**Student:** 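Before anything else, here's the structure in question.
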Amino acid sequence: MNRAFSRKKDKTWMHTPEALSKHYIPYNAKFLGSTEVEQPKGTEVVRDAVRKLKFARHIKKSEGQKTPKVELQISIYGVKILEPKTKEVQHNCQLHRISFCADDKTDKRIFTFICKDSESNKHLCYVFDSEKCAEEITLTIGQAFDLAYRKFLESGGKDVETRKQIAGLQKRSSRRSRCWIQELETENTELKNKVQDLENQLRITQISTSPAASVTPKSPSTDIFDMVPFSPITPQSTTPTRNGTQPPPVPSRSTEIKRDLFGAEPFDPFNCGAGDFPPDIQSKLDEMQVTSA
């Protein structure tokens, strides 16, 4: 393994300082993956990681899976690993966290670097496969380290501390954003429940005030004398008249004939007929009707 950081200083670098300090150098490669290592540097440490990830790649190939392609963006601030088409950042390895970088002299396609993870504080070894640019990518990372170290000396160490503070602020901002999203989701759920309760209450109110539920019995119509017309089919109604008085109750008729103290039947104007009177009284009644006519 050839460590890029120990390159002789008398040799010129491949890129201009402006390209790495103001922009970045892009490379395309295949990403075998990353694995945790016990040490932040060392040739044997990197070799074990490469063997492990190569074996995992052979298993994935036998299952029909292809090694994913990535884009590397190298600058004095770090190495970004992106998805080539969508440009989505998969890993952002800050330069001050990278502790070792090398290319494999036995396999010209393989190059690696070890970076300390910012969240778990574990050392991870990233392994890549590039058919033509493995050594060039390793040297470009070494040049980025050289430029970053020079900038660190010129700024008196303030530049690195500033980047650390910015990284810490970005972490806290990300955490606040997640908390804010959770609060919005909770508030949205509560509002949905309130709207559902209001809809249920409105539905109950509409049912209770519907025409079918508010039908009231109609009072029977009366004649010009505020009397309820008599119907032999319906029972006698107890509805009060318009002047507020109750109509007199109609006496119930009994089929049994009652008699007075002298044994005579009481006079009933509803039951008497023309043939019920004696002849002499009937004749007088007839005379009275003729006279009145």
Side-chain angles (χ1 to χ4, degrees), residues 1 3-5 24 26-60 63 65-84 86-104 110-130 134 137-138 140-142 144-145 148-149 152 157-183 185:
M1 308 293 283
R3 188 175 181 183
F5 305 154
Y24 59 84
Y27 289 100
N28 292 323
K30 292 182 180 180
F31 185 35
L32 275 67
S34 62
T35 182
E36 182 182 356
V37 292
E38 296 180 356
Q39 300 295 329
K41 58 183 179 178
T43 302
E44 292 299 326
V45 174
V46 173
R47 283 178 179 173
D48 292 339
V50 171
R51 282 195 294 265
K52 181 179 179 181
L53 292 175
K54 277 186 175 181
F55 180 74
R57 182 178 63 171
H58 287 310
I59 294 177
K60 291 180 180 179
E63 295 175 350
Q65 300 182 21
K66 296 182 179 180
T67 305
K69 296 180 179 180
V70 295
E71 178 183 333
L72 299 177
Q73 294 181 357
I74 303 172
S75 67
I76 62 172
Y77 302 105
V79 179
K80 289 184 179 181
I81 305 172
L82 300 87
E83 206 284 327
T86 62
K87 302 299 180 182
E88 180 183 358
V89 178
Q90 298 178 352
H91 303 278
N92 186 11
C93 303
Q94 298 176 353
L95 201 66
H96 68 276
R97 293 184 176 274
I98 297 177
S99 56
F100 191 82
C101 178
D103 57 274
D104 192 347
I110 302 299
F111 68 95
T112 66
F113 63 82
I114 298 176
C115 180
K116 187 177 182 181
D117 185 67
S118 59
E119 295 182 358
S120 62
N121 287 328
K122 296 179 180 180
H123 295 284
L124 302 178
C125 182
Y126 295 81
V127 181
F128 302 87
D129 184 344
S130 177
I137 294 172
T138 305
T140 302
I141 296 176
F145 264 101
Y149 182 67
F152 170 77
K158 296 180 180 179
D159 187 65
V160 174
E161 294 298 328
T162 302
R163 289 203 300 270
K164 289 182 180 180
Q165 292 178 4
I166 293 174
L169 291 173
Q170 289 177 348
K171 279 186 180 180
R172 289 193 290 270
S173 177
S174 177
R175 292 173 184 172
R176 290 194 190 100
S177 298
R178 289 195 294 268
C179 295
W180 183 60
I181 291 173
Q182 291 177 356
E183 291 177 359
E185 290 178 350

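Fair warning: this is a prediction, and the values are worked out from it, not measured in the lab.
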**Student:** Specify the closest pair of heavy atoms between A148 and I76, including all atoms of both residues, with the distance to one decimal.
**Tutor:** CB-O, 3.9 Å
**Student:** When you compare the side chain of D103 with that of I110, does any pair of heavy atoms fall below 4.5 Å?
**Tutor:** no
**Student:** For a 4.5 angstrom cut-off between non-hydrogen side-chain atoms, does F111 reach D104?
**Tutor:** no
**Student:** Do any pairs count as a ring pair (Phe, Tyr, Trp, His ring centres under 6.0 Å) and have a residue in residues 30-50, sequence neighbours left out, and if so which ones?
**Tutor:** F31-H91, F31-F128
**Student:** On a heavy-atom basis, which atom in I141 and which in C101 lie closest, and how many Å separate them?
**Tutor:** CD1-SG, 3.8 Å
**Student:** Assess the side chains of E71 and Q73: does a donor N or O sit below 3.5 Å from an acceptor N or O?
**Tutor:** yes
**Student:** Could you check whether any side-chain heavy atom of P26 comes within less than 4.5 Å of a side-chain heavy atom of L72, counting everything from C-beta outward?
**Tutor:** no
**Student:** With a 4.5 Å heavy-atom cut-off, do K69 and N28 have their side chains touching?
**Tutor:** no
**Student:** Could you walk me through whether L32 and D129 pass the side-chain contact (heavy atoms from CB on, under 4.5 Å) test, one step at a time?
**Tutor:** CA-CA 7 Å; L32 275 67; D129 184 344; 3.5 Å; yes
**Student:** Please assess T35 against L124 for the test side-chain contact (heavy atoms from CB on, under 4.5 Å), listing each intermediate value before the final yes or no.
**Tutor:** CA-CA 5 Å; T35 182; L124 302 178; over 6 Å; no
**Student:** Does the pair Y126 and I81 meet the rule for a side-chain contact (heavy atoms from CB on, under 4.5 Å), with working shown?
**Tutor:** CA-CA 10 Å; Y126 295 81; I81 305 172; 4.0 Å; yes
**Student:** Nearest heavy-atom pair of N121 and K116: which atoms, and what distance?
**Tutor:** O-CE, 3.7 Å
**Student:** Sequence neighbours excluded, which residues qualify as side chain to side chain donor-acceptor pair (under 3.5 Å) partners of E38?
**Tutor:** none
**Student:** Is it the case that T140 and Y27 place a side-chain donor and acceptor less than 3.5 Å from each other?
**Tutor:** yes
**Student:** Rounded to the nearest 0.5 Å, what's the gap from OG on S34 to NE2 on H123? Could you check?
**Tutor:** 14.0 Å
**Student:** Is the closest side-chain donor-acceptor distance between S99 and K41 under 3.5 Å?
**Tutor:** no
**Student:** For L82 and K87, which heavy atoms make the closest approach, and how far apart are they?
**Tutor:** CD2-O, 3.4 Å
**Student:** Answer yes or no: are there more than 12 heavy-atom neighbours, outside K60 itself, under 6.0 Å from its atom NZ?
**Tutor:** no
**Student:** How far does NZ of K80 sit from CD of Q90, to the nearest 0.5 angstrom?
**Tutor:** 13.5 Å
**Student:** Looking at side-chain heavy atoms only, is the closest gap between R47 and V50 below 4.5 Å?
**Tutor:** no
**Student:** With D48, which residues qualify under salt bridge (charged side-chain N to carboxylate O under 4.0 Å, His left out), at least two apart?
**Tutor:** R51
**Student:** Should I114 and V37 count as side-chain neighbours, where that means a heavy-atom distance under 4.5 Å?
**Tutor:** yes
**Student:** Under the criterion side-chain contact (heavy atoms from CB on, under 4.5 Å), I'd like the reasoning laid out for V45 against C125: C-alpha separation, chi angles, the key distance, then a yes or no.
**Tutor:** CA-CA 9 Å; V45 174; C125 182; over 6 Å; no
**Student:** Sub-3.5 Å donor-acceptor pair from the side chain of Q94 to the main-chain atoms of R97, do we have one?
**Tutor:** no
**Student:** Any side-chain heavy atom of F100 within less than 4.5 Å of one from P40?
**Tutor:** no
**Student:** With heavy-atom distances below 4.5 Å as the criterion, would you say the side chains of I98 and V79 are in contact?
**Tutor:** yes
